[in-house]
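The structure under discussion appears below in the form of structure tokens.
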Amino acid sequence: MSMIKHIQQCVTGGLTSLFGETFTAADFQVNTTVADFEGDYTVVLFALVKKLRLSPDVLGTKLGDYLAEAHPQLFKEYTIVKGFLNLSVADAYWMEVLLTNYTNADFGRQLPNGKKVMVEYSSPNTNKPLHLGHLRNNFLGWSVAEILKANGYEVIKSCIVNDRGIHICKSMIAWQRYANGATPESTGTKGDHFVGDYYVKFNEACTAEVNELVATGMAKELAEKEAPIMKATQQMLLDWEKGDPEVMSLWRRMNGWVYEGFAQTYARIGSDFDKTYYESDTYLLGKETVQAGLAKKVFVQREDNSVWIDLTADGLDEKLVQRKDGTSVYMTQDIGLAQQKYDQYGIDKSIYVIGNEQNYHMKVLQLICKRLGMPYADDIYHLSYGMVELPGGKMKSREGTVVDADDLLDEMVANAEKEAVKNNAGKPESEFNKMTRAEQQALFNMIGPGAMKYYLLKVDPKKTMVFNPEESIEFTGFTGAYIQYTHARIRSILRREAATPGWQPGAGVLLPLERSLIMALEQYPFVLEQAAAEYNPASIANYVYHLAKTFNSFYTEHAVASAETEDKKQLRLRILMLLANVIRSSMAMLGIGVPERM
RNA sequence: GGUCCCGUAGCUCAGUUGGAUAGAGCAACAGCCUUCUAAGCUGUGGGUCACACGUUCGAAUCGUGUCGGGAUCACCA
């Protein structure tokens with residue numbers, strides 16, 4: 001049990017035995033004591049003062065005395081400052097936390113809780129390569145999935161590939177017209193980039209045709225529909241839906257190229273999926289749902305045969321769920337897929353990691369499921385994340401400011417190398433310079449993408465964030481590399497010195513930085529729990545940074561191998577063992593590896 | 001126009017179930033490597049928490065309004 005929970009329990013127990021009144025943990029606050037005051041944790045008395053009709057000083061003294069007497073193994077002493085009861089936790093408690101956990105690789109993880117949750121976190125279109133926005137989505141979803149696993153959930157990571165539609169037909173048409181049979185192999189191009197290039201080519205050709213038509217006096221809007229290449233694309237989409245063998249064959253071939261490319265990128269960033277859905281399989285789903293909805297009178301059919309749902313009672317609009325020609329829209333597919341996920345896996349929770357531009361769509365989806373009486377409607381959760389912008393504003397494909405994922409990763413790796421070489425210049429004996437070339441290369445591949453992940457995950461998911469290219473490749477300060485470096489420093493000590501088994505702490509008192517470290521480590525299970533409850537990897541990123549920072553202060557202040565006494569050495573080695581483990585574990589939650597040396 | 005989100009140091013961000021003097025990093029400046037990795041540490045300067053009013057013993061945090069920025073409201077996906 002965590003110290004915070006101990007305090008909550010002891011305080012409610014104390015209030016009952018002192019005043020005969022019943023309180024719950026929600027009736028008062030327990031905070032970590034702010035620096036400059038004596039103590040580790042603080043009980044805020046004001047809320048209790050009111051109910052008990054006692055002055056803060058009187059209540060604080062009674063409560064403080066009680067805690068010190070009834071729980072001497074937990075509390076050493078207390079002070080009262082202006083309504084704040086500051087508790088100093090007994091060293092023995094911190095020692096016990098340390099000694100019971102310092103070799104526990106699973107520290108902070110929870111046992112299976114029997115709940116099953118699906119996290120859908122990637123929905124690429126197959127007409128172009130992944131970009132920076134996809135990275136935030138992927139990192140976030142993957143991390144949330146890992147955090148949930150650590151908290152005892154069974155997690156199914158899923159991906160929905162938008163492999164059909166007008167977008168991929170555009171690339172196909174352009175390839176037919178301009179490629180002369182070229183392939184990724186023949187041109188030495190990564191498959192997704194290869195197909196993306198033809199998507200660009202399509203837009204160029206289309207723009208040219210539109211301009212030509214506009215020059216003849218046609219309105220631009222009409223010209224965009226009438227451009228021959230556009231008409232050919234629309235025809236191709238119809239052919240695809242009819243299953244035209246030639247079109248299907250080309251479609252499979254080009255998607256295949258894209259998947260090869262995606263696979264490389266996913267492998268590089270460590271994204272993996274337990275289940276991949278393809279829109280070409282799911283786009284017809286939901287048709288029965290429409291019938292069912294009509295029967296239940298949740299949907300209404302209009303004279304032109306289109307089907308709608310009226311959500312105005314919930315402050316939304318009327319939404320179309322089936323076109324007049326009987327084909328289903330995006331929303332209908334989504335209802336069908338939601339049902340399928342539930343049917344196939346019996347999930348308790350269905351999380352969608354999707355950008356906040358789709359907040360409205362997701363709200364509607366959930367509401368429709370609710371209206372239809374779907375049992376899982378309340379278990380749909382939209383993990384909405386903010387857009388990634390550049391210092392100059394949004395990324396715009398038209399202006400060519402979209403940051404390509406592969407390029408970015410290359411840049412990060414290259415920069416990791418540059419930094420390493422710079423930092424180790426003139427130090428032939430440094431750990432880095434003693435590595436083999438292959439070891440160095442592996443290190444760059446850990447640091448570069450790790451920096452990228454940390455940069456994107458340390459910000460609260462729901463907030464729009466700015467991606468500053470110069471700042472993102474920094475390796476100092478509040479960065480992934482800083483934490484990786486800290487881990488390497490700790491491991492460096494632990495390679496040289498081993499903790500002696502069976503050691504029992506002597507009479508010595510914990511020094512402030514030793515206390516701070518153990519106290520922060522003790523909070524790890526709570527941090528993991530909170531991160532899961534809020535679906536927020538950023539809280540872990542912030543926590544592990546705080547840990548690393550505390551250690552680095554400790555490191556310059558205190559020696560481990562040559563500590564003042566053998567007792568201190570044994571103590572500190574154990575702190576470092578737990579610390580290295582928690583750093584590694586925290587970073588693993590973010591999908592970032594930590595090196596032995598760097 | 002309707003709905004929703006956001007506004008904290010020059011920049012990027014923490015802090016928001018209401019609690020003590022609002023914190024980090026970057027950038028700037030000044031120090032620290034004969035001692036376990038200086039990708040590090042220590043210090044200095046930097047704030048009308050967009051603004052106003054309200055609720056409260058107490059507001060960056062809650063409420064109302066104003067201003068500024070963004071998203072969305074397709075028989076697109």
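Sequence lines set the chain letters: A, B, ... in the order given, protein chains first and strands last, and positions in each chain run from 1. Every heavy atom of this structure was used, including side-chain atoms; hydrogens, water molecules and symmetry mates were not.
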| Would you say the side chain of A:N359 and the base of B:rC5 hold a donor-acceptor pair, judged only by whether the two atoms sit under 3.5 Å apart? | no
| query | What's the closest nucleotide to the A:Y360 side chain, out of B:rG25, B:rC73, B:rA39? | reply | B:rC73
| request: Using a heavy-atom cut-off of under 4.0 Å over every strand shown, decide if A:E596 touches base, sugar-phosphate, or nothing. | output: base
| said: Regarding A:T327, tell me which of base, sugar-phosphate or nothing describes its non-hydrogen contacts under 4.0 Å with the strands shown. | reply: nothing
| message | Below the 4.0 Å mark, does B:rA39 have OP1 or OP2 next to a side-chain nitrogen or oxygen of A:Y485? | response | yes
| query | Contact class for A:D36 vs. all strands (heavy atom < 4.0 Å): base, sugar-phosphate, or nothing? | reply | base
| said: Quick check on B:rG58: is either OP1 or OP2 less than 4.0 Å from any side-chain nitrogen or oxygen of A:K82? | reply: no
| task | Respond yes when some side-chain nitrogen or oxygen of A:T476 is under 4.0 Å from OP1 or OP2 of B:rA39, and no when none is. | result | no
| said: Only pairs with both distances under 3.5 Å count, Watson-Crick or wobble alike; so what is the partner of B:rC41 in this structure? | reply: B:rG31
| task | Answer yes or no: does a side-chain N or O of A:S553 lie under 4.0 Å from OP1 or OP2 of B:rU42? | result | yes
| request: May I ask you to check if A:R489 and A:F551 form a cation-pi contact, with NZ or CZ under 6.0 angstrom from the six-membered ring centre and within 45° of the axis? | output: no
| Looking across every strand, which nucleic acid part, if any, lies under 4.0 Å from A:Y330 by heavy atom: base, sugar-phosphate, or nothing? | base
| Can you list the steps and then say if A:K50 with A:D27 is a salt bridge (charged side-chain N to carboxylate O under 4.0 Å, His left out)? | CA-CA 11 Å; A:K50 231 178 219 176; A:D27 293 324; over 6 Å; no
| task | Output the single nucleotide from B:rA77, B:rC36, B:rG40 whose closest atom is nearest the side chain of A:H361. | result | B:rA77
| remark: Assert: residue with more 5' nearest nucleotide on RNA chain B, out of A:D460 and A:V44, is A:D460
| request: Report yes if at least one side-chain N or O of A:R489 is closer than 4.0 Å to OP1 or OP2 of B:rA39; otherwise report no. | output: no
| said: Is it the case that the base of B:rA74 and the side chain of A:D317 share a donor-acceptor contact (distance under 3.5 Å, atom types as modelled)? | reply: no
| query | Has A:F84 got its ring stacked on B:rA20, by the test of a centre gap below 5.5 Å and a plane angle below 30°? | reply | yes
| remark: From the candidates B:rC4, B:rC41, B:rA39, the one with an atom nearest any side-chain atom of A:K363 is B:rC4
| field | Face-on cation placement of A:K51 at A:F23 ring, 6.0 Å and 45° thresholds | value | no
| field | A:R572 vs B:rC36: side-chain N/O to OP1/OP2 distance below 4.0 Å | value | no
| request: May I ask you to establish whether A:R302 and A:W308 are in a cation-pi arrangement, using a distance under 6.0 Å from NZ or CZ to the six-membered ring centre and at most 45° from the ring axis? | output: yes
| task | Using a heavy-atom cut-off of under 4.0 Å over every strand shown, decide if A:N423 touches base, sugar-phosphate, or nothing. | result | base
| task | Would you mind telling me which residue lines up with the more 5' stretch of RNA chain B, A:E431 or A:L85, judged by nearest nucleotide? | result | A:L85
| request: Determine the minimum heavy-atom distance between A:N536 and A:P461, stating which atoms define it. | output: OD1-CD, 3.0 Å
| query | For the side chain of A:T33 and the base of B:rA20, is some donor closer than 3.5 Å to an acceptor across the two? | reply | no
| said: Applying a 4.0 Å non-hydrogen cut-off, can you work out what A:N86 is touching in the nucleic acid: base, sugar-phosphate, or nothing? | reply: base
| query | For B:rU37, does OP1 or OP2 lie under 4.0 Å from any side-chain N or O of A:R496? | reply | yes
| query | Has A:F46 got its ring stacked on the base of B:rG19, with centres under 5.5 Å and planes less than 30° apart? | reply | yes
| said: I'd like to know if A:S306 reaches the base of B:rC75 with its side chain, counting only an N/O donor and acceptor under 3.5 Å. | reply: yes
| note | The glycosidic conformation of B:rC36, counting syn as within 90° of 0 and anti otherwise, is anti
| said: Please confirm whether the shortest side-chain N or O distance from A:K463 to OP1 or OP2 of B:rG7 is below 4.0 Å. | reply: yes
| Among A:E566, A:E557, A:E564, which one satisfies salt bridge (Lys or Arg N to Asp or Glu O under 4.0 Å) with A:R572? | A:E564
| At under 4.0 Å between heavy atoms, what does A:H487 touch on the DNA or RNA strands: base, sugar-phosphate, or nothing? | nothing
| request: Quote, to the nearest angstrom, the C1' distance that separates B:rG25 from B:rA20. | output: 25 Å
